[in-house]
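All values below come from the heavy atoms of this structure, side chains included, with hydrogens, waters and symmetry mates left out.
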Protein chains: 2
Amino acid sequence: MIDAGQVQGVGVAVSTVIFALRQHPDTGAVGLWLPLVRRIREPWQGRWALPGGMVRVTEGLELAARRNLLETTALEPTYLEQLYAFGEADRSPDGRIVSIVYWALVRADEASRAAVDENVQWFPADDLPELAFDHNLIVDYALWRLRTKVEYGRIAHAFLGETFTLSELREVHETVLRRPLDPANFRRQIESSGAIVSTEEVVTGGRHRPPRLYRFNTAVDLVDNGPLTPVRL
Amino acid sequence: MIDAGQVQGVGVAVSTVIFALRQHPDTGAVGLWLPLVRRIREPWQGRWALPGGMVRVTEGLELAARRNLLETTALEPTYLEQLYAFGEADRSPDGRIVSIVYWALVRADEASRAAVDENVQWFPADDLPELAFDHNLIVDYALWRLRTKVEYGRIAHAFLGETFTLSELREVHETVLRRPLDPANFRRQIESSGAIVSTEEVVTGGRHRPPRLYRFNTAVDLVDNGPLTPVRL
DNA sequence: GCAAAAGTGTTAGCTTTACACCCATGA
DNA sequence: TCATGGGTGTAAAGCTAACACTTTTGC
């Protein structure tokens with residue numbers, strides 16, 4: 001996004017909706033959060049906006065998205081997928097910009113390393129302020145995509161570390177879907193899907209039976225993602 | 001696509017993959033076909049390519065796609081949805097072009113009205129020649145999207161007229177999915193989905209029991225398409 | 001009557017959902 | 001021993017897939 005500079009011609013920008021799971025500092029509830037950057041010039045000076053910027057002539061779209069994220073938020077997401085191209089003629093008051101929007105998922109530990117200052121802040125995805133441009137619409141669409149992605153198995157991967165308990169995995173699903181899931185049925189479904197592999201380790205320290213640790217199955221993709229598969233590092 | 005003309009800066013183009021159901025002139029088999037245009041200049045002069053062209057500063061992306069289709073093929077599709085933005089730095093040998101690709105569905109009667117000459121021709125989607133740019137890849141992706149779209153009920157709408165028999169509807173599904181469907185089960189599924197409404201009319205003239213005619217249910221969308229719903233005229 | 005497609009019925013097998021119940025640990 | 005979440009069992013309900021069977025037309 002950033003501003004265009006070019007009065008004639010169609011400009012190409014990339015923006016990214018970055019999701020992370022975070023605890024609300026007040027309520028303690030876990031939910032989806034995303035980082036926004038404050039615009040430092042017109043149009044929409046002072047408003048919060050998705051991180052992004054113009055695409056350089058020598059770089060591909062996805063690379064441009066990665067570079068921008070690194071520059072503005074210091075994040076290098078493990079999951080990055082194209083969301084949609086927004087290109088109505090009147091979507092920017094200042095010149096003609098087509099924005100290729102990506103969406104990304106980052107783990108909590110990665111997210112906490114993100115640069116945060118007065119111009120970069122995290123917001124709960126379900127409770128955003130009025131953003132610059134059509135960015136509220138874009139975030140709504142990204143949320144919808146995240147929630148309807150059938151291959152939740154893989155989506156959850158991006159939010160978790162190498163190993164995890166079934167409760168942790170279930171919590172990711174519950175948070176994304178905003179509804180509770182039956183632990184017994186969840187276990188069976190995820191196990192029979194082949195998406196995860198059991199390790200021999202368990203986690204001690206809780207005041208209950210120690211849960212087993214699992215790992216995502218790195219074998220051939222279970223889901224048909226089509227010729228264009230999203231990137232997973 | 002068309003060629004860029006602009007050596008510096010990122011150009012924005014739109015292209016469209018247009019699908020129609022057609023009978024193969026030799027085998028008689030019904031399948032997916034799409035119109036291609038022959039390139040009349042470099043790069044890829046003489047090769048077949050998806051219809052498309054540069055986006056004008058004053059028009060939105062979808063409008064640009066519609067205008068181009070009308071100009072190059074005289075088609076006005078009833079179903080038009082954005083597919084993907086292709087923007088690798090090296091995808092065009094001649095300047096930097098980002099292509100926003102749409103996919104469209106047209107009915108057989110509309111398709112037959114399409115301008116066809118030595119520079120515009122229909123090809124079977126499963127048996128294409130080597131196309132210009134990365135257009136083979138793009139068509140493969142469009143085919144995958146068409147086949148995995150869950151809401152087949154709505155997809156089929158774009159291929160059929162106002163009223164249709166269940167056999168006709170089933171044939172559309174069978175053609176897209178490339179496998180036979182059980183007539184009995186297909187009837188029950190589609191009826192219980194609420195996607196179609198029975199009319200009082202039947203079709204006489206076949207040497208068998210006259211089938212009832214149906215109509216698509218225009219009531220509120222049954223499928224959650226998200227904030228960005230594809231256009232259906 | 002016969003061929004052909006329309007349309008109905010039925011059943012086996014699978015998946016989903018709800019919930020009861022036992023297990024292993026820390027305090 | 002008790003509270004807590006980990007983990008297993010099970011049965012009802014719903015859905016899918018396969019296929020037998022009846023109906024209604026044109027010839």
Side-chain angles (χ1 to χ4, degrees), chain A residues 23 28-30 147-153 156 160-161 163-216 222-224, chain B residues 23 28-30 147-153 156 160-161 163-215 222-223:
Chain A
Q23 266 200 330
V30 176
R147 288 179 172 135
T148 50
K149 262 270 178 195
V150 256
E151 33 119 38
Y152 292 117
L160 293 167
T163 58
F164 47 87
T165 66
L166 278 179
S167 287
E168 287 169 341
L169 181 58
R170 180 165 49 84
E171 192 188 15
V172 172
H173 286 235
E174 288 178 337
T175 304
V176 170
L177 295 173
R178 285 180 303 185
R179 65 184 164 89
L181 299 172
D182 183 299
N185 296 331
F186 180 78
R187 163 186 300 275
R188 269 184 294 257
Q189 280 171 0
I190 212 84
E191 276 181 337
S192 72
S193 80
I196 60 170
V197 175
S198 152
T199 71
E200 293 311 308
E201 303 157 85
V202 291
V203 181
T204 55
R207 26 187 294 189
H208 53 75
R209 173 169 173 178
R212 184 178 292 273
L213 280 172
Y214 290 82
R215 181 186 303 283
F216 281 100
L222 306 143
V223 191
D224 181 8
Chain B
Q23 264 199 332
V30 177
R147 288 181 172 134
T148 51
K149 262 272 179 194
V150 256
E151 32 119 41
Y152 292 119
L160 293 167
T163 58
F164 48 87
T165 66
L166 279 179
S167 288
E168 288 168 341
L169 181 58
R170 181 165 49 85
E171 191 187 15
V172 172
H173 286 234
E174 288 178 336
T175 304
V176 170
L177 295 173
R178 286 179 301 183
R179 64 184 166 90
L181 299 172
D182 184 297
N185 296 331
F186 180 77
R187 164 186 299 274
R188 270 184 294 257
Q189 280 173 1
I190 211 83
E191 276 181 337
S192 71
S193 79
I196 60 169
V197 175
S198 152
T199 71
E200 294 310 309
E201 303 157 86
V202 291
V203 181
T204 55
R207 26 188 293 192
H208 53 78
R209 176 170 171 175
R212 185 177 291 272
L213 279 172
Y214 291 81
R215 181 185 303 283
L222 305 144
V223 191

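The nearest whole Å value for the distance from the CZ atom in Phe186(B) to the C1' atom in dC15(D) is 17 Å. The nearest whole Å value for the distance from the CG atom in Leu166(B) to the P atom in dA4(C) is 21 Å. We find that CZ of Arg179(B) is positioned 11 Å from C1' of dA17(D), with the value rounded to whole Å. We find that CD of Glu168(B) is positioned 14 Å from P of dA5(C), with the value rounded to whole Å. Note: CZ (Arg209(B)) to P (dA5(C)) measures 14 Å, nearest angstrom. Between Asn185(A) atom CG and dA12(D) atom P the separation is 16 Å, expressed in whole Å. Summarising the geometry, the separation between CD1 on Ile196(B) and P on dG7(C) is reported as 10 Å, rounded to the nearest angstrom. Here the P atom of nucleotide dA18(C) and the CD atom of Gln189(A) are 11 Å apart, to the nearest Å.
Ser198(A) approaches Arg212(A) most closely through the heavy-atom pair OG-CD, 3.1 Å.
The base of dT25(D) lies outside donor-acceptor range of the side chain of Arg207(B), with no N or O pair under 3.5 Å. For Asp182(B) against dA17(D), no side-chain N or O and base N or O form a donor-acceptor pair under 3.5 Å. Contact annotation: side chain of Arg188(B) to base of dG9(C), donor-acceptor pair present below 3.5 Å. Judged by distance alone with a 3.5 Å cut-off, no donor-acceptor contact links the side chain of Arg212(B) to the base of dT23(D).
Between Arg187(A) and dG7(D), a side-chain N or O to OP1/OP2 separation shorter than 4.0 Å is present. For dT25(C), the OP1/OP2 oxygens have no side-chain nitrogen or oxygen of Thr204(A) closer than 4.0 Å.
Leu166(B) places none of its side-chain heavy atoms less than 4.5 Å from the side chain of Glu168(B). Two residues are said to be in side-chain contact when any heavy atoms from C-beta on lie closer than 4.5 Å; Val202(A) and Leu213(A) fail this criterion. Proximity of His173(B) to Ile190(B): side-chain heavy atoms (C-beta onward) are separated by under 4.5 Å at one or more points.
Of the two residues contacting DNA chain C, namely Glu191(B) and His208(B), the nearest-nucleotide position lying further toward the 5' end is that of His208(B). Comparing Ala184(A) and Pro210(A) by the nucleotide of DNA chain C whose heavy atom lies nearest to each, the residue mapping closer to the 5' end is Ala184(A).
By the ring-ring contact (aromatic ring centres under 6.0 Å, His included) test, Tyr214(A) pairs with no residue at all, sequence neighbours left out.
Across all strands shown, Thr165(A) has no heavy atoms under 4.0 Å from either base or sugar-phosphate atoms.
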